[in-house]
Amino acid sequence: MTELWAMPAWKIHELYEKGKTSVEEVCRTLYRRIEEVEPSVKAYIKLLPEPDGKGADGRVTGSPLGGIPYALKDNICTAGIETTCGSRILSGFVPPYDATVAAALKKAGAMLLGKTNMDEFAMGSSCETSAFYPTRNPWDLRCVPGGSSGGSAAAVAGGEAVFALGSDTGGSVRQPASFCGVVGMKPTYGRVSRYGLVAFASSLDQIGPLTRDVRDCARVLGVIAGHDPRDSTSAVAEVPDYERGLLEGRKDDLRGMRIGVPKEYFAQGIQAGVKHAVMEAIKTIQELGAFVEECSLPHTEYAMAAYYLIAPAEASSNLARYDGVKYGYRSEHWSDLTGLYTKTRMEGFGPEVKRRIMLGTYALSAGYYDAFYLKAQKVRTLIRYDFAKAFERFDLLVAPTSPTVAFRIGERMDDPLTMYLSDVCTIPINLAGLPAISVPCGFSEGLPVGLQIIGKPFDEPGVLRVAYAYEQATEWHLRIPHLDGVEAAKRIARNDGQVSADE
Amino acid sequence: MSENERYEAVIGLEVHVELGTKTKIFCNCPTTFGGEPNTQVCPVCLGLPGVLPVLNEKVLRYALRAALALNCEVARFSRFDRKNYPYPDLPKNYQISQYDLPLARNGYVEVNGRRIRIKRLHLEEDAGKLLHEGDGAQDKWSLVDYNRAGVPLAEIVSEPDIRTPSEARAYLESLKAILQYIGVSDCKMEEGSLRCDTNVSVRRKGETGFGTRTELKNLNSFKAVEKSLEYEIARQISVLEDGEEVVQETRAWDESREITVPLRGKEEAHDYRYFPDPDLVPVVVDQALLDEIRKEIPELPSAKRQRFIREYGIPEYDAGVLTADKRLADFFDECASRYRDPKVVSNWLMGEYLKYANATGLSFAEIPVTPEGLVELLNLQDEGVISGKIAKTVFEEMLKTGERPSEIVKKRGLVQISDENAIYAVVDEVIASNPNVVRDYLGGKEKAFGFLVGQVMKATGGKANPAKVNAALKKRLGKE
Ligand SMILES: [Zn+2]
């Protein structure tokens, strides 16, 4: 029998209902697992001594997530629990309020285990820009888990949480899901409230679940989705019952589905192993009865450039508030106001965050605004239009989630442009505000590959349906990394100079 | 021709008005003035990580009301932008404002028959307040009070249509009256709910181009606006007359010395890096909403002024004074519609009533006298129950207590003596005790008659009916 720590939420919930396990047992198992693998994986920034939530009182059967232990990315505010965004500048910041998603999960009876590691302010694709330490990929501890929600993905993959939430600005849920062999979804922009998510790029950020399988993804999404009067950009559209939609629909039949394969996503930089796994997955979808055809999203090549103007521009403004005046880190080396600002920010932010603040400030500056920010917004419109046109012919699009599998820790840190390419297949979807999921679709070089399924705005049900049918037809999602725990970490620490042996 | 007469000034005003909604523009914190520091704050107006602004619909409605009352074109589609600049009173280090798509444009205010155009009206959030401990370079601490952060502001920018300092003041007074009329702001300059900066330049009369302008700040009263402009215009003219050039700069009004001085340190040209705030959705205003708002707008000062002149036949000057404040205008309106002679009402209000308000510093809302009370007083006088002099005494009491005049008259025994026997008794007594005066009067000194009347009034405590006293005296002295 599968260990409890390796089970999806829906299965644990079934056991609860049948009285075959208890919240105490599940928690005990999870904590034991964490104790065993966390020293090598380092998925968490903060681990709570006991889970926070109402599930522990035994009333677990009523709610679909009652008594399920989970993890939150550390850029999602939690009342009374320090929230750092993986940054020194927010050290000591304890929010007085819960993010809307955190409150929703609490209400649903889910139990918070801790806050997961991330790239500083979600700026990165490897979890290496965290001010604390890099998280390691449970499939290969020498590799990154992806980012920026790398801690959340690694926690789920490593059996350190049943599910987790991440945030996705340019691929930050899907890419680590792909690298860690779990399911990760970025919902339609506006589907999930951003209230309490520390902003990186407000027009792109969206919170999404990282889970063991598609059914859990539907279940978690159903709890966190919906209109929030505290978020002007959250959609008023009704939330369908995603999970019931999956279970009631036909899992083995995709006849009538029209699926497009954008050729631009298979172009330069894609690893052969990744391409092979994704093509095999597409074949499987075809065998399930879907109509599959190649298509084109002609402005894809401009997406990266547009993203790296829009996201830093918004970030430069969003991060202006971290100045040492009100909360978080404050430098001690200052004598006047300007000094307080510059020293605090100089000491509090890491190099990648500084790089993006500078990029964004430049893009918004007088005389450059039209050429950079405004032009990027026009490109964004063209990219949206590309998708809208494709969706006239197709119900969904499929593509790789990332052109590569997980890379080695340290490999891309000195080469930001190569690092940025990790998100080349996910960024356009954020620019267009569409829903997309990454599901495990095989392995290359012993590391997981992710298949990305992209839908029309608010067609999460369609995305989930294809993902579920594919998942039911394959067994990739059942694979579990063989972590030999602390011993492996020590070995890696000895062999790999890039990673400090700070266990 | 003096040098001042060869020049004319070009003045534009930038006015910030706090909208009087109960809660702030993007959160539910109260906007009450004068609370203990940092007691009217929440994560949103403190700009804590992760929070998001949500536009208070009431703020939009107030701003639309102002836009329509100021004859503006309301944009069907406008949006909020971020104005980026770091300062400790700004919790997010950017201010949510409106930049290239303001809520309304192209309005005007009628000021003494001239149309002063309004360039734009937009919404923004107020900043907090810095409190410095100690002084100057020795400042040890600066404290921040965020109670004001997020209070809704409407910024109203005029075109440079104003030509004189007094016209600038008149424009402000009109603006204040309109905004008070429509109930969107109390416009108290001393509490900061109305703030004003001015732009001013001078040019030779007949020229159409603009001279180099300066911006004046630290204007804490309407008087300061007027005085600072007077000073600044004279200063600019003398600079030009000396063959020098006006420097474009921001200057502060020094109230005690009554001069303008350059603000310390050259102000750097700020690049605010405006861009659309991605946390807020565009403001879309449809015709139905505008129609609804239009219905909320009451009769405005200029229309009311015209109506008072037309319906009540009072002089234009009176109408102007009475309509400058809505409460005063309503007071007059109610009295005038019930009393036979509106000009008498106007005299009372512009006289005793305003004098009392100015002397006590009380607002019209704080003065308890009612329109019904004033009308009753005037009727008592008409009916001969009290004399004009007594009426003033009674009104003084009414201003303080709000009591009805008939009550005051009864309580203090102020009813006029009209009984002829009683009056003749006093008259006879006065004649008997002032033989010399009587002789003078009979000898042709008309003035002596007034003295005798005065003596009778004095003897009756002012309560004798003056007409009857006159008649009685004349009869007794054989002049009738
Ligand atoms: Zn507030």
Side-chain angles (χ1 to χ4, degrees), chain A residues 75-77 83-85 90 93 95-100 121 190 193-199 201-205 228-234 310 313-314 316-328 336-338 340-341 345 360-369 373-374 377, chain B residues 25-28 38 41-57 79-96 99-100 128 130 132 137 139-144 146 149 268-283:
Chain A
N75 59 353
I76 297 173
C77 285
T83 299
T84 68
C85 271
L90 271 175
F93 171 65
Y97 73 101
D98 267 328
T100 298
F121 280 101
S193 168
R194 291 187 295 119
Y195 188 78
L197 169 67
V198 181
S202 314
S203 74
L204 299 157
D205 296 342
D228 180 4
R230 290 176 187 273
D231 177 359
S232 314
T233 63
S234 88
I310 293 168
E314 293 180 9
S316 71
S317 173
N318 283 332
L319 272 60
R321 70 191 69 188
Y322 310 114
D323 58 8
V325 172
K326 295 147 294 198
Y327 43 76
D336 61 359
L337 183 63
T338 311
L340 168 68
Y341 285 165
R345 290 166 71 80
T361 304
Y362 189 78
L364 289 175
S365 295
Y368 299 96
Y369 181 89
Y373 183 78
L374 204 63
Q377 291 292 9
Chain B
I25 183 167
F26 299 122
C27 66
N28 291 324
N38 297 312
V41 293
C42 71
V44 175
C45 55
L46 286 176
L48 292 189
V51 299
L52 297 169
V54 176
L55 178 62
N56 177 346
E57 208 191 300
R79 71 172 175 222
F80 286 97
D81 300 277
R82 292 187 184 176
K83 182 180 183 179
N84 294 287
Y85 67 98
Y87 205 64
D89 65 2
L90 208 54
K92 303 181 290 290
N93 283 333
Y94 62 79
Q95 180 193 29
I96 303 177
Y99 182 53
D100 54 350
L130 287 187
H132 302 285
D139 267 2
K140 201 151 186 238
W141 296 104
S142 293
L143 304 170
V144 204
Y146 289 119
E268 290 167 53
H270 252 304
D271 180 359
Y272 292 118
R273 303 192 308 280
Y274 281 102
F275 75 105
D277 191 332
D279 288 333
L280 286 156
V281 289
V283 180

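So you know, we letter chains A, B, ... as the sequences are listed, proteins then strands, and number each from 1.
Contact of B:Tyr87 with chain A is made through backbone and side chain together, with heavy-atom distances under 4.5 Å. Residue contact with chain B, scored on non-hydrogen atoms closer than 4.5 Å, is absent for A:Thr83. The part of B:Tyr94 that comes within reach of chain A is its side chain, from C-beta onward, which places non-hydrogen atoms under 4.5 angstrom from that chain. With a 4.5 Å cut-off on non-hydrogen atoms, B:Tyr146 touches chain A through its side chain but not through its backbone. The contact between A:Asn318 and chain B is made by backbone and side chain atoms together, counting heavy-atom distances below 4.5 Å. Using a 4.5 Å cut-off between heavy atoms, A:Ala313 touches chain B through its backbone atoms (N, CA, C, O) alone. Interface residue B:Pro88: backbone and side-chain heavy atoms are both found under 4.5 Å from chain A.
Interface summary for chain B: among A:Ser316, A:Ala366, A:Gly367, the most heavy-atom pairs under 4.5 angstrom belong to A:Ala366. Counting heavy-atom pairs under 4.5 Å between each of B:Asn84, B:Val51, B:Val281 and chain A puts B:Val51 at the top. For chain B, the option among A:Tyr369, A:Tyr195, A:Phe93, A:Tyr368 with the highest count of heavy-atom pairs below 4.5 Å is A:Tyr195. Here A:Leu197 is the residue among A:Val325, A:Leu204, A:Leu197, A:Leu319 with the most heavy-atom pairs under 4.5 Å with chain B.
Counting only heavy atoms from C-beta outward, the side chains of A:Tyr373 and B:Pro276 approach each other to under 4.5 Å. With contacts defined as side-chain heavy-atom distances shorter than 4.5 Å, the pair B:Pro49/A:Leu90 qualifies. Annotation: side chain of A:Lys326 is not in contact with side chain of B:Val144 (no heavy-atom distance under 4.5 Å). When side chains are defined from C-beta on, A:Tyr97 does not count as touching B:Cys42, because their heavy atoms never get closer than 4.5 Å.
With A:Arg321 contributing its side chain and B:Gly47 its backbone, the two residues share a donor-acceptor pair below 3.5 Å. A donor-acceptor contact shorter than 3.5 Å links the side chain of A:Ser232 to the backbone of B:Pro53.
A:Ser365 approaches B:Arg273 most closely through the heavy-atom pair OG-CD, 4.0 Å. What you find for B:Val54 and A:Pro229 is that their closest heavy atoms are CG2-O, 3.3 Å.
In this structure B:Asp100 satisfies the salt bridge (charged side-chain N to carboxylate O under 4.0 Å, His left out) test together with B:Arg79, sequence neighbours excluded.
B:Leu52 CG to A:Ser234 OG: the interatomic distance, rounded to the nearest 0.5 Å, is 9.5 Å.
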*How far apart are the C-alpha atoms of A:Tyr341 and B:Asn93, what are their side-chain angles, what is the distance that settles it, and do they pass the side-chain contact (heavy atoms from CB on, under 4.5 Å) test?*
CA-CA 11 Å; A:Tyr341 285 165; B:Asn93 283 333; 4.2 Å; yes
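The neighbour count for A:Arg230 CZ, taken as heavy atoms of other residues, nucleotides or ligands under 6.0 Å away, does not exceed 12.
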